Amino acid sequence: MDEFQRSWLLAQLGPDTDPADLERRFFRLRSARAVALEVLGERRAKLLADPLKVTVDGVVTMDLQENLRGIERQIEQVRQAPAPDDPEDGDEVDEALAVTWLVPVRRYR
């Protein structure tokens, strides 16, 4: 992972994200976008594992639903935003494979 990819990941995931963890994930996944989506997916799963809203009458109310919506919006943004290791428009090579049957035009007897 180069410095540009690391900077992009930290911008998407926050400066408190462990760079060594990002390196390990990038080595396994080979894509900055895949790393960001995996980390955000884990954060989303962690929020869903616990109750989103807890109320103790007359004492405290804790509501994490907006946090969940925020992570889901961030996941969608990462999916749509260009990542630093995405291929450029001019670099993409469209390969096509065509198969056809060769049949002689005239059949001789």
Side-chain angles (χ1 to χ4, degrees):
M1 174 176 12
D2 63 17
E3 189 61 35
F4 188 59
Q5 293 166 329
R6 185 178 299 105
S7 297
W8 185 82
L9 282 168
L10 291 175
Q12 300 301 316
L13 303 172
D16 295 337
T17 307
D18 182 21
D21 180 48
L22 296 178
E23 288 280 344
R24 285 189 298 273
R25 290 174 193 261
F26 186 81
F27 180 75
R28 181 173 45 88
L29 298 171
R30 291 289 177 212
S31 166
R33 183 187 315 277
V35 170
L37 290 174
E38 185 177 73
V39 171
L40 290 171
E42 287 177 3
R43 290 178 184 176
R44 182 181 180 273
K46 188 176 179 181
L47 274 175
L48 288 173
D50 295 328
L52 291 176
K53 189 171 185 178
V54 176
T55 303
V56 177
D57 289 336
V59 179
V60 69
T61 299
M62 187 172 76
D63 189 0
L64 299 176
Q65 292 175 355
E66 282 302 314
N67 292 359
L68 178 63
R69 287 188 200 110
I71 286 180
E72 289 173 344
R73 283 191 303 266
Q74 192 174 11
I75 288 172
E76 191 58 35
Q77 178 189 4
V78 167
R79 283 190 179 133
Q80 294 177 358
D85 53 0
D86 284 346
E88 297 294 325
D89 292 338
D91 293 345
E92 289 186 36
V93 177
D94 293 332
E95 295 183 18
L97 177 65
V99 178
T100 184
W101 294 95
L102 298 176
V103 180
V105 177
R106 298 181 193 166
R107 296 189 183 248
Y108 295 103
R109 292 185 175 190

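None of these values were measured; they are calculated from a predicted model.
A heavy-atom distance below 4.5 Å is not found between the side chains of L47 and R44. With a 4.5 Å cut-off on side-chain heavy atoms, L13 and L22 count as touching.
Cluster partners of V56, using a side-chain heavy-atom cutoff of under 4.5 Å among ILVMFWY residues and allowing indirect links, are V59, V60.
Taking CD1 of I75 as the start and CD of E72 as the end, the distance is 6.5 Å to the nearest 0.5 Å. Rounded to the nearest 0.5 Å, atoms CD (E42) and CG (D21) are 7.5 Å apart. One finds the CG atom of L48 at 13.0 Å from the NZ atom of K46 (value rounded to the nearest 0.5 Å). Atom CD of Q5 is separated from atom CZ of R33 by 12.0 Å, given to the nearest 0.5 angstrom. Distance CE/M1 to CZ/R30: 10.0 Å, rounded to 0.5 Å. The distance from atom CG of L37 to atom CD of Q74, rounded to the nearest 0.5 Å, is 10.0 Å.
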Dump the intermediate steps for side-chain contact (heavy atoms from CB on, under 4.5 Å) on L68 and Q65, then the final yes or no. CA-CA 5 Å; L68 178 63; Q65 292 175 355; 5.6 Å; no

Stepwise, does the side-chain contact (heavy atoms from CB on, under 4.5 Å) test hold for L9 with T17? CA-CA 9 Å; L9 282 168; T17 307; over 6 Å; no

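Partners of R73 by salt bridge (charged side-chain N to carboxylate O under 4.0 Å, His left out), not counting sequence neighbours: none found. Applying the side-chain contact (heavy atoms from CB on, under 4.5 Å) rule to Q12 yields the partners W8, V78; only residues at least two apart in sequence or on another chain are considered. Every residue was checked against the side-chain contact (heavy atoms from CB on, under 4.5 Å) condition with D16, not counting sequence neighbours, and none meets it. Scanning for side-chain contact (heavy atoms from CB on, under 4.5 Å) contacts around A20 gives D18, R24, with sequence neighbours left out.
Residue pairs meeting the side chain to side chain donor-acceptor pair (under 3.5 Å) criterion with at least one partner in residues 48-60, sequence neighbours excluded, do not occur; the list is empty.
Panel note: side chain D86, backbone A83; a donor-acceptor pair is recorded below 3.5 Å.
A single hydrophobic cluster is not seen to contain both F4 and V35; linkage of ILVMFWY side chains at heavy-atom distances under 4.5 Å, directly or through other members, places them apart.
Salt-bridge annotation for R6 and E3: present, with a side-chain N of the basic residue lying under 4.0 Å from a carboxylate O of the acidic one.
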